[in-house]
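Worth saying up front: this structure is predicted, and the values here are computed from it rather than measured. Side chains included, hydrogens not; waters and symmetry mates left out as well; all remaining heavy atoms used.
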2 protein chains.
Amino acid sequence: MSKPIVPKSTFMNLSEEKRSRILREAVREFADKGFQKASLNAIVARVGIAKGSLYQYFDNKEALFLFVFDRFTDLVKEVLAEAAAASLEADFFGQVRVAVQAGLAFIDRHPEYYEIYLKLLFEQAVPQREDLIGKVRLFSRDYFGPLCEEGRRQGQVRRDLPTEMVVFVLDAVLDRFLQGYAKSYLDSGLALAGKSRSELAAAVEAVIDILRDGLAPKQG
Amino acid sequence: MSKPIVPKSTFMNLSEEKRSRILREAVREFADKGFQKASLNAIVARVGIAKGSLYQYFDNKEALFLFVFDRFTDLVKEVLAEAAAASLEADFFGQVRVAVQAGLAFIDRHPEYYEIYLKLLFEQAVPQREDLIGKVRLFSRDYFGPLCEEGRRQGQVRRDLPTEMVVFVLDAVLDRFLQGYAKSYLDSGLALAGKSRSELAAAVEAVIDILRDGLAPKQG
DNA sequence: CACTATAATGACCACCTGGTCACATGGCAA
DNA sequence: TTGCCATGTGACCAGGTGGTCATTATAGTG
């Protein structure tokens with residue numbers, strides 16, 4: 001277990017309203033600029049507090065960022081738990097479907113947190129970057145790993161494939177689907193962002209169909 | 001057709017050796033820091049020229065970056081052409097295999113250029129970012145689009161799938177495979193970076209196998 | 001009220017950035 | 001040698017950064 005990120009006590013003593021205002025503006029700034037280019041000056045200006053105050057709540061920029069990222073992982077955990085609960089009865093590909101929909105819902109609800117994650121993926125010199133990404137990737141493996149094992153046991157997933165390979169392909173397609181939803185230049189022409197809910201659902205079905213049966217035509 | 005990026009004439013008059021030294025250090029810096037955080041001071045210091053000189057070769061940071069990125073697209077074009085030439089006789093999945101191997105070879109040969117591309121994906125406020133990414137994505141669609149059409153005509157690809165859908169899945173899996181090769185935290189436990197050439201080839205086969213036949217067991 | 005502990009403040013610091021420009025340098029022509 | 005002009009130079013600029021700290025304001029207690 002990793003230790004929870006806890007800001008200085010002064011921050012926790014603030015009113016809920018002020019705390020969430022600070023969090024909101026910090027999230028916005030990090031989402032907009034990434035860790036490196038995010039400006040503490042911009043944050044305090046928008047929140048309407050002095051820079052010195054921010055430094056009484058957090059030791060430095062890194063601590064603020066880690067706190068924000070910790071909230072992000074909390075939200076991911078939340079959404080994943082919901083997804084798991086909603087798909088208890090579903091079979092393997094049904095659970096994959098629920099996972100995709102959970103991802104889409106996350107982006108709808110928390111686009112700025114998702115943006116922070118995307119920026120983190122390839123930005124350099126972010127404190128503990130690999131750890132942070134690893135934490136999120138671990139969610140995915142904790143979710144898909146057992147799912148694949150179970151799917152294999154139940155005969156819904158081929159037994160001749162190593163589990164990591166299955167997880168890799170699921171990861172690849174699901175992540176790219178979400179990225180394409182958030183960034184249209186990554187959707188390979190699917191125009192995911194502009195789709196209605198039902199069109200989106202159809203696209204999800206098509207992707208899952210390919211995951212299930214592959215690109216080649218069936219042959220007895 | 002987009003116009004070629006041409007630096008100021010002073011740069012072209014430089015000796016080949018000096019030009020390539022400048023290019024090399026610029027590539028290194030952009031790969032390391034991304035566009036925003038890349039430091040012209042660092043570049044000129046490493047090249048051993050005055051900052052004013054750099055500004056006689058390029059109008060500004062943006063022009064230098066565009067020049068570097070233009071070299072990147074040249075290299076991609078080169079590798080793709082090689083791949084296309086090497087797979088003239090191959091069937092659909094054979095050509096996919098060649099494309100993956102071409103990508104791996106590119107990363108081996110030009111890791112820093114690939115790094116620049118990855119950073120560009122989610123960095124903000126890079127001049128003409130969407131255009132630049134679009135240019136690279138277009139390569140992919142120009143390569144996979146016709147490939148899919150042909151594969152479908154020849155009966156190697158299911159006819160009930162929209163071409164964009166097929167391209168999307170190919171893109172997703174291939175890109176993630178390359179990203180996992182370059183960044184181990186994205187390989188879902190496959191440990192691609194540490195693999196020998198033959199192990200890597202085996203992993204490629206496994207992925208293509210899934211792309212062809214899917215995750216579900218065959219059933220008559 | 002006075003006293004105290006805590007919190008809020010913003011001027012200030014050293015450092016770095018992309019970009020400029022007046023000047024120095026060097027090679028070539030007359 | 002003299003003049004010329006393209007090229008090379010680095011001190012300099014305004015503006016921004018993360019971070020500090022002496023000072024002020026506030027709230028709670030006796």
Side-chain angles (χ1 to χ4, degrees), chain A residues 6-23 25-30 32-69 119 123-129, chain B residues 6-23 25-30 32-69 119 123-129:
Chain A
V6 52
K8 298 167 91 168
S9 64
T10 45
F11 182 71
M12 283 335 230
N13 291 340
L14 260 35
S15 72
E16 159 65 23
E17 190 273 338
K18 195 166 186 178
R19 252 185 297 148
S20 76
R21 226 170 63 230
I22 293 172
L23 177 62
E25 296 303 336
V27 167
R28 191 200 292 196
E29 181 71 9
F30 283 126
D32 208 41
K33 313 272 185 63
F35 173 78
Q36 293 275 354
K37 288 292 281 186
S39 159
L40 299 185
N41 290 329
I43 294 175
V44 296
R46 279 203 302 254
V47 176
I49 59 175
K51 180 142 55 152
S53 298
L54 189 58
Y55 274 87
Q56 275 190 322
Y57 309 145
F58 298 92
D59 280 331
N60 49 36
K61 193 184 188 182
E62 168 175 348
L64 176 58
F65 182 75
L66 292 179
F67 176 71
V68 165
F69 199 85
K119 289 223 159 74
E123 197 179 342
Q124 56 90 232
V126 182
Q128 305 183 39
R129 196 191 64 161
Chain B
V6 53
K8 298 167 90 168
S9 63
T10 43
F11 182 71
M12 283 335 226
N13 290 341
L14 258 35
S15 72
E16 159 65 22
E17 190 273 338
K18 195 165 185 178
R19 253 184 296 148
S20 75
R21 226 170 62 230
I22 292 172
L23 177 61
E25 296 302 336
V27 167
R28 191 201 293 195
E29 180 72 8
F30 283 125
D32 209 41
K33 312 273 185 62
F35 173 79
Q36 293 274 353
K37 288 291 281 186
S39 159
L40 299 185
N41 289 329
I43 295 176
V44 297
R46 280 203 300 256
V47 176
I49 59 176
K51 182 144 53 154
S53 298
L54 189 58
Y55 274 86
Q56 276 189 322
Y57 309 147
F58 297 93
D59 280 331
N60 49 34
K61 195 184 187 181
E62 168 175 348
L64 175 60
F65 181 75
L66 293 179
F67 175 71
V68 165
F69 199 86
K119 290 222 158 73
E123 197 179 342
Q124 56 90 232
V126 182
Q128 305 183 38
R129 195 191 66 161

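- Taking 4.0 Å as the cutoff to heavy atoms of chain B, we find the contact window on DNA chain D bounded by D:dT7 to D:dG10.
- Contact check for A:Leu64 versus A:Tyr57: no side-chain heavy atoms found under the 4.5 Å cut-off.
- Between B:Glu123 and B:Gln36, some side-chain heavy-atom pair lies under the 4.5 Å cut-off.
- Under the 6.0 Å distance and 45° angle rule, B:Lys61 counts as a cation-pi partner of B:Phe35.
- Taking atom CD of residue B:Gln56 and atom C1' of nucleotide C:dT25, one finds them 12 Å apart after rounding to whole Å.
- Backbone-only contact: A:Tyr57 has heavy atoms under 4.0 Å from sugar-phosphate atoms and none from a base.
- The CD-P distance, from B:Gln36 to C:dG18, rounds to 10 Å in whole Å.
- The distance from the CD1 atom of A:Ile49 to the CD atom of A:Glu25 is 10.0 Å, given to the nearest 0.5 Å.
- The side chain of B:Asn60 contributes no N or O atom lying less than 4.0 Å from OP1 or OP2 of C:dG18.
- The side-chain heavy atoms of B:Tyr55 and B:Leu40, taken from C-beta on, include a pair separated by under 4.5 Å.
- Within the 4.5 Å cutoff, the side chain of A:Arg21 has no heavy atoms near those of the A:Arg46 side chain.
- Between B:Leu40 atom CG and C:dG18 atom P the separation is 4 Å, expressed in whole Å.
- Within the 4.5 Å cutoff, no side-chain heavy atoms of B:Lys33 are placed close to those of B:Lys119.
- No contact: B:Lys37 has no heavy atom under 4.0 Å from any strand.
- Across all strands, A:Ala38 comes closer than 4.0 Å only to sugar-phosphate atoms, never to a base (heavy-atom distances).
- For the contact set between residues 43-55 of chain A and DNA chain D, defined by any heavy atom under 4.0 Å, the members are A:Lys51, A:Gly52, A:Tyr55.
- Atom CG of A:Leu54 and atom NZ of A:Lys51 lie 9.5 Å apart (nearest 0.5 Å).
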